[in-house]
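The structure under discussion appears below in the form of structure tokens.
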Amino acid sequence: MKRLRYIILLAGLMSLSLQTIYAQRITRSFRNTSMSEALTILAKSTKDYRINFMYDELEDFTVTTSIVKRTAPDAIRQIMGFYPMKMTIDGENIFVECTQKTPTKMIGRIIDNKKRPVDFANVALLNVRDSSLINGGVTNENGQFVIPCGARKVIVRISCVGYITTSNTYNTGKIGSITLKEATMNLQKVIVKAVRPKTKLTREGFQTQVQGTILSDAGMVADLLKQVPRVRVDKDGNCSVFGKGTPEIYVNGRKLTDKNELQTISSKDVKNVTVITTPGAQYDAQVNSVIRITTVKKQGYGWSGNFQAKYGFAMKNAWQEQANLNYRVGGLDVFGGLMWSDSYFYDKLGLDEYINGNQHQIYQKSVGRIDSRDYGPDANLGFNYEFNENHTIGLKYKFGSGYTKYFTDQNNYSIFQDGVHQGDVNYLNDESDSKQGPIHQADFYYDGKIGKWSIDLNASALWRTKDQIQKATETSTELGDQIVCSDSHTKGKLLAGKLVVSYPLTDQLNIDFGSEYTNSDSHTNNKNEGGVAASNDSRIKEQNIATFAEAA
């Protein structure tokens, strides 16, 4: 029976391979062509697929690109580019739709001072009140961008390597052309001009070359990613992809579990960065985007290291110091690092809230602030060993702990019912002396190649504790006083592993299959004094295993 299943599977893969080999190839050029018209032309150019889309939904998006000997699905991926669209293939039918269905869009074009289009520039739409991100996009080969936007007025911020970042406020709609000034610097009467990196479409996604470009001088990887098309890194180091949310990040096939690692890798050590906006079956269904970073093979032997210090001020001082050390001999890299952070956070809050019930309308107005200070160490130790160019293994151990010196959340509420004032409440939440950790984490990876077979293995183990001490006090002359004290202790552990095996059947068809396993155990004991809220003791155990296969 197993032999019969194997034969059936092999026959199916051979059939799929032959279909790809003999699939009709398309060669077309588009310039300032609407997406609807481009898809109509592609539909007439292939007999293998029927292309389905809503004409009005895609009419505002324009296409400027040259397609050379591509299958219909690959041609569609190329003309979609960084636009917020997705393609679904169901047998002989291809469905293309816009993933952000707002009725209004911000439409414009980016050019340089010589009227040349600026392609792969990041365009961020920011809230005019607090400069928070609303949406974002990337210009195409003709410098054009079309970004769905529900706000009436936004700040448009444009950034691109080799150009000065610019910002201005516009009403949503067609805003015409925006000129970027080239960034230059004078060195003894010699002008050195920045060269834009090359971004190209690969089988996985859009790949940006770093080695040999100005991006190699960006600083650390966190600074580098700010310049990569469609990627945004905020002031806290959190990474996101426009329209796709928080990505999974991999370095040489190893999954990153700590965003602080982006501050430890120099941009000079990066070869290229690939942004994947349509992850395949080897990724979790909840993963909407992936960033894969490939580094340059390090040369030389002996000791090396670096020291970093960061200072910030937001009402009070904040510090971060970090030291990294590395020893390399042959194919072995041994590394370690130590970081100490002392961070301060302050924010003012204001909220107007309306609650419409069946009989009454409740209006609540609040004004408050959050004031907190956290400190603690992080340390790591590990190694990478390259047996040869086809086989690499690595292991990393990380220790971390965070302490809350003080945390206060203070708000003053005014409550109205049907326009009549009901009372004022002063709320104070104090979580001082809470603690995160200790946190122990170990990560192992193997990246190998046997013939045409590629093997990617990642495994992680995590142990952590958390103590949260909370005292919430509400005082009100009209509504009475209330105090809630809670002491919560959480212990958790996680074991996870993922294996991906790939094999290229042809230049256009790749088979991926593998398995993923997770085992988690979390125990929380929550004690509440005063009886306002009930104490509880809970334990959650979960075990999952999944397999996947994909041909694309």
In terms of heavy-atom contacts, Asp74 and Arg77 come closest through OD1-NH1, 2.7 Å

Can a donor-acceptor pair be found between the side chains of Thr392 and Asp447 at a distance below 3.5 Å? no

Checking His391 against Tyr446: is there a side-chain donor and acceptor pair closer than 3.5 Å? yes

Distance (rounded to the nearest 0.5 Å) between Leu180 CG and Ile164 CD1: 9.0 Å

Residues passing the side-chain contact (heavy atoms from CB on, under 4.5 Å) test with Leu351, sequence neighbours excluded, are Glu353, Ser366

Can you see whether Tyr354 engages Asn356 through a side-chain donor-acceptor pair at a distance of less than 3.5 angstrom? no

State the CZ-CD1 distance between Arg25 and Ile67, to the nearest 0.5 angstrom. 13.0 Å

Closest non-hydrogen contact found for Thr208 with Pro229 is OG1-CD, 3.7 Å

Between NZ on residue Lys493 and CG on residue Leu462, distance to nearest 0.5 Å: 11.5 Å

Non-hydrogen side-chain atoms of Met220 and Leu262 separated by less than 4.5 Å: no

Distance only, no hydrogens: is a donor on one side chain within 3.5 Å (strictly under) of an acceptor on the other, for Glu550 and Asn510? no

Taking only residues two or more places apart in sequence, or in another chain, which ones meet Arg157 in a salt bridge (charged side-chain N to carboxylate O under 4.0 Å, His left out)? none

Any residue meeting side-chain hydrogen bond (donor to acceptor under 3.5 Å, both in side chains) with Ser267, in chain and number order, not counting sequence neighbours: none

When you compare the side chain of Cys149 with that of Asn135, does any pair of heavy atoms fall below 4.5 Å? no

Run Leu457 and Phe444 through side chain to side chain contact (heavy atoms under 4.5 Å, CB included) and show every step you take. CA-CA 8 Å; Leu457 173 65; Phe444 170 81; 4.1 Å; yes

The criterion is side-chain contact (heavy atoms from CB on, under 4.5 Å); which residues satisfy it with Lys153, sequence neighbours excluded? Val128, Thr169, Asn171

What I'd like to find out is whether the side chain of Ile155 reaches to under 4.5 Å of the side chain of Ser131, using heavy atoms alone. yes

Tell me, do Asn519 and Tyr517 make a side-chain contact under 4.5 Å, heavy atoms counted? yes

Check whether the side chains of Glu141 and Thr64 place a donor and an acceptor atom closer than 3.5 Å, and report yes or no. no

Go through the steps for Ser502 and Asp512 under the test side chain to side chain donor-acceptor pair (under 3.5 Å), then give the verdict. CA-CA 4 Å; Ser502 302; Asp512 299 313; 2.5 Å; yes

Quick one: do Leu133 and Leu126 satisfy side chain to side chain contact (heavy atoms under 4.5 Å, CB included)? Show the steps, please. CA-CA 5 Å; Leu133 180 68; Leu126 310 178; 4.0 Å; yes

How long is the gap from CD on Gln227 to OG1 on Thr213, to the nearest 0.5 Å? 10.5 Å

Who are the side-chain hydrogen bond (donor to acceptor under 3.5 Å, both in side chains) partners of Lys255, not counting sequence neighbours? Glu248

Can you name the one residue among Lys498, Lys449, Arg292 that meets salt bridge (Lys or Arg N to Asp or Glu O under 4.0 Å) with Asp456? Arg292

Could you check, using the six-membered ring where one of them is a Trp, whether Phe387 and Tyr385 have ring centers closer than 6.0 angstrom? yes

Report yes or no: do Glu386 and Asn388 form a side-chain donor-acceptor pair below 3.5 Å? no

Acceptor/donor pairs from residues 85-99 side chains to any protein atom, 3.5 angstrom cut, sequence neighbours excluded:
unit_1	atom_1	unit_2	atom_2	d
Asn93	OD1	Arg50	NE	3.2
Asn93	OD1	Asn52	ND2	3.4
Glu97	OE1	Lys101	NZ	3.3
Thr99	OG1	Pro84	O	3.0

What distance do Leu256 atom CG and Ile291 atom CD1 have between them, rounded to the nearest 0.5 Å? 10.0 Å

Please name all residues satisfying salt bridge (charged side-chain N to carboxylate O under 4.0 Å, His left out) with Arg129, sequence neighbours left out, ordered by chain then number. none

Walk me through whether Arg70 and Gln78 qualify under side chain to side chain contact (heavy atoms under 4.5 Å, CB included). CA-CA 9 Å; Arg70 287 188 173 273; Gln78 183 172 333; 2.8 Å; yes

Applying ring pair (Phe, Tyr, Trp, His ring centres under 6.0 Å) as the test, list every pair that has at least one member in residues 57-81; sequence neighbours left out. Phe61-Tyr83

Measuring only between side-chain heavy atoms, which start at C-beta, is Ser515 closer than 4.5 Å to Ile545? yes

With the side chain counted from C-beta on, respond yes when Ile178 and Ile158 share a heavy-atom pair under 4.5 Å apart, and no when they do not. yes

With a 4.5 Å heavy-atom cut-off, do Asn32 and Gln144 have their side chains touching? yes

Does any donor atom in the side chain of Thr295 or Asn252 lie under 3.5 Å from an acceptor atom in the other side chain? yes

Determine the minimum heavy-atom distance between Tyr49 and Ala72, stating which atoms define it. CD1-CB, 3.8 Å

Ile110 side, atom CD1; Asp112 side, atom CG - distance, nearest 0.5 Å: 11.0 Å

With no hydrogens and no angle check, just 3.5 Å: does a side-chain donor-acceptor pair link Arg230 and Asn122? no

Can you list the residues that meet the side-chain contact (heavy atoms from CB on, under 4.5 Å) rule with Phe206, with sequence neighbours excluded? Phe82, Phe120, Thr199, Leu201

Restricting to non-hydrogen atoms, name the atom on Leu225 and the atom on Val273 that form the minimum distance, rounded to 0.1 Å. CD2-CG1, 4.1 Å

Shortest non-hydrogen separation from Phe242 to Val123 and the atoms involved: CE1-O, 3.9 Å

Taken in chain and number order and not counting sequence neighbours, the residues that satisfy side-chain hydrogen bond (donor to acceptor under 3.5 Å, both in side chains) with Asn390 are none

Does this structure show an ion pair linking Lys105 with Asp60, if we count only N-O contacts that are shorter than 4.0 Å? yes

So, for Val154 and Met106, which heavy atoms are closest and what is the spacing to 0.1 Å? CG2-CE, 3.3 Å

Residues passing the ring-ring contact (aromatic ring centres under 6.0 Å, His included) test with Tyr503, sequence neighbours excluded, are Trp453

Is it true that Gln211 and Asn272 share a donor-acceptor pair across their side chains at a distance under 3.5 Å? no

Working note: Val296 + Val270, criterion side chain to side chain contact (heavy atoms under 4.5 Å, CB included); need CA distance, chi angles, decisive distance, verdict. CA-CA 5 Å; Val296 179; Val270 177; 6.0 Å; no

What I want to check is whether the side chains of Ser460 and Asp443 have a donor and an acceptor closer together than 3.5 Å. yes

Find out whether Ile293 and Tyr250 are in side-chain contact, i.e. whether some heavy atom of one side chain is under 4.5 Å from a heavy atom of the other. no

Listed partners of Thr40 passing side-chain contact (heavy atoms from CB on, under 4.5 Å), at least two apart: Lys44, Phe53

